[in-house]
Amino acid sequence: MPEGHTVHRAARDHDGDFAGQRVLVSSPQGRFPAEELVDADGRAHLERVEAYGKHLFYVFEGERVVHVHLGLFGKFFRRRTPAPASRSSTRLRLEGEAMTLELVGPTACELVSVEDMRAITARLGPDPLREDANPRRFYAYVARAKAPIGAILMDQSRICGVGNVYRAEVLHLLRVHPETPGKALPKATLRAMWRLTAGLLRRGVEEKRIVTTRGLTLAKPRERVPRHDSTHVYRRRWCRTCEGPVSTYTLRARTVHYCDACQPLEAAAE
DNA sequence: GCGGTATGCCTAA
DNA sequence: TAGGCCTACCGCG
């Protein structure tokens with residue numbers, strides 16, 4: 001689940017659940033130093049929760065920040081308070097007035113300072129899900145990059161929040177081959193790429209899952225797009241658009257999915 | 001119960 | 001580029 005949409009949705013939900021409260025903080029698994037954050041009653045005052053790309057920041061009183069990165073396996077379990085007993089693998093547990101949160105399997109869950117938080121976000125490219133995002137940094141880099149666009153989209157220092165699923169789907173919808181060098185892409189295609197990425201990510205935040213089919217509009221409340229129909233090429237054997245075979249190869253240790261017929265290399269590189 | 005798989009990313013060589 | 005981290009889930013038997 002964890003591409004940018006998951007993280008931004010978590011920030012929104014958790015901010016609503018806990019911001020402004022003295023939250024009971026613990027680490028049933030013992031690998032997060034909750035005792036360094038809490039007062040004698042086991043609680044700490046949470047001011048707000050913020051997302052930047054795939055990074056989450058829980059900002060507590062006193063400029064103390066819990067930095068979370070879900071990695072490949074990380075997952076949240078959100079329940080009403082009082083919640084049932086924690087599973088033993090729970091790295092971080094937050095108990096608020098109405099909701100209780102458990103975090104399992106994250107790559108990062110650490111107590112940092114506000115300066116550390118700034119240093120982390122400073123390393124990231126613009127995030128299409130943030131109001132303050134400036135896509136010009138992305139355009140400027142791609143316009144002179146020899147690197148394939150398929151690699152650039154996954155590079156969090158160039159554009160952040162995009163993962164393997166959105167990469168495959170954005171390139172497919174724009175009919176761009178993943179091996180196209182950045183600088184071969186027309187400016188108009190780049191602008192469309194940013195807008196499409198932002199639109200798909202926003203839809204993901206609302207639907208709490210990645211759906212790139214059936215346009216950018218949200219599914220009707222009860223109309224759940226079946227899993228096998230939620231992407232065009234990602235993890236599919238046959239292209240949803242042309243029904244031809246989906247090709248895969250490994251680029252920087254990640255499997256790229258694309259359709260050779262819909263995304264020819266020449267066409268994209270004019 | 002076991003083995004394979006996954007939407008990520010860091011480090012060593 | 002390969003390996004490691006770390007967990008849930010699913011299909012198979």
Side-chain angles (χ1 to χ4, degrees), chain A residues 1-11 27-32 51-57 67-79 84-93 101-110 112 116 119-125 127-129 147-148 150-173 178 196-213 225-237 240 246 248-258:
Chain A
M1 312 291 181
E3 295 195 28
H5 70 297
T6 305
V7 172
H8 278 261
R9 180 54 184 254
S27 178
Q29 182 198 44
R31 290 183 52 192
F32 174 77
Y52 206 121
K54 297 172 188 170
H55 297 258
L56 265 170
F57 300 98
H67 168 231
V68 170
H69 192 292
L70 294 173
L72 192 52
F73 312 121
K75 222 172 215 162
F76 288 111
F77 296 91
R78 188 166 163 248
R79 300 207 178 77
S86 296
R87 56 186 80 205
S88 58
S89 56
T90 299
R91 183 81 58 91
L92 176 70
R93 185 172 186 275
L101 185 72
E102 290 194 4
L103 169 62
V104 167
T107 288
C109 177
E110 53 180 357
V112 302
D116 295 330
I120 291 165
T121 58
R123 278 185 245 121
L124 299 171
D127 175 352
L129 281 174
I152 296 171
L153 282 177
M154 293 279 279
D155 182 344
Q156 303 298 301
S157 71
R158 302 304 176 187
I159 178 171
C160 73
V162 177
N164 208 8
V165 184
Y166 284 117
R167 162 176 67 180
E169 294 297 305
V170 165
L171 292 177
H172 180 81
L173 285 163
L196 177 61
T197 304
L200 291 175
L201 281 164
R202 269 188 219 113
R203 183 179 177 189
V205 173
E206 297 310 317
E207 299 199 26
K208 293 193 87 165
R209 60 189 287 237
I210 300 175
V211 179
T212 65
T213 54
V225 177
R227 188 185 317 205
H228 68 268
D229 199 41
S230 61
T231 61
H232 297 88
V233 288
Y234 180 74
R235 284 253 271 166
R236 287 178 61 106
R237 203 182 299 251
R240 187 181 184 274
V246 169
T248 61
Y249 69 100
T250 302
L251 176 60
R252 303 190 188 169
R254 308 298 303 278
T255 304
V256 186
H257 299 251
Y258 73 102

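Lettering of chains follows the sequences in order, A, B, ..., and the numbering in each one begins at 1.
Residue A/Glu169 is classed as having no contact, given no heavy-atom separation below 4.0 Å to the nucleic acid. In this structure, A/Ser89 reaches the sugar-phosphate backbone alone: every heavy-atom distance under 4.0 Å involves primed, P, OP1 or OP2 atoms, never a base. Counting non-hydrogen atoms under 4.0 angstrom, A/Arg252 reaches nothing in the nucleic acid. A/Arg209 comes within 4.0 angstrom of nothing in the nucleic acid, heavy atoms only. Looking at heavy-atom distances under 4.0 Å, A/Tyr234 makes contact with sugar-phosphate atoms alone, never a base.
Between the A/Arg158 side chain and the A/Gly125 main chain, no donor and acceptor come within less than 3.5 Å of each other. A donor-acceptor pair is defined here as one N or O able to donate and one able to accept, closer than 3.5 Å; no such pair exists between the side chain of A/Glu169 and the backbone of A/Asn164. Checking side-chain atoms of A/Arg240 against main-chain N and O of A/His232 turns up no donor-acceptor pair under 3.5 Å. For the pair A/Thr213 (side chain) and A/Asp229 (backbone), a donor-acceptor distance under 3.5 Å is present. Of the possible polar contacts, none joining the A/His67 side chain to the A/Glu110 backbone as a donor-acceptor pair under 3.5 Å is found.
In this structure, A/Leu251 atom CG and B/dC9 atom P are separated by 14 Å, rounded to whole Å. For the pair A/Glu102 CD and C/dT7 C1', the interatomic distance rounds to 14 Å; values are reported in whole Å. Taking atom NE2 of residue A/His257 and atom C1' of nucleotide B/dT5, one finds them 12 Å apart after rounding to whole Å. One interatomic measurement links the two molecules: CZ of A/Arg236 to C1' of B/dA6, which rounds to 18 Å at whole-angstrom precision. Between A/Leu70 atom CG and B/dC10 atom P there is a gap of 14 Å when expressed in whole angstrom units. When the P atom of B/dA6 is taken as reference, atom CD of A/Glu3 falls 14 Å away, rounded to whole Å. Between A/Leu92 atom CG and C/dT7 atom P the separation is 14 Å, expressed in whole Å. One can place CG of A/Leu201 at 16 Å from P of B/dT7, the figure rounded to the nearest angstrom.
Comparing B/dT7, B/dA6, C/dA8 by their nearest atom to the side chain of A/Arg235 picks out B/dA6. Listed nucleotides B/dG8, C/dT7, B/dT5 differ in distance to A/Thr107; the shortest reach to its side chain belongs to B/dG8. Nearest nucleotide to the side chain of A/Leu72, out of C/dC9, C/dT7, B/dT7: B/dT7. Checking C/dT7, C/dC9, B/dG8 against the side-chain heavy atoms of A/Lys75 singles out C/dC9 as nearest.
Checking the phosphate oxygens (OP1, OP2) of B/dT7, no side-chain nitrogen or oxygen of A/Arg167 falls inside 4.0 Å. Considering only side-chain N and O atoms, A/His69 lies under 4.0 angstrom from the phosphate OP1 or OP2 of B/dC9. Residue A/Arg254 places at least one side-chain N or O closer than 4.0 Å to OP1 or OP2 of B/dT7.
Taking atom C1' in both C/dA8 and B/dC10, one finds a spacing of 22 Å when rounded to whole Å.
Listed here is the closest heavy atom pair of A/Arg236 and A/Thr231: CD-O, 3.3 Å.
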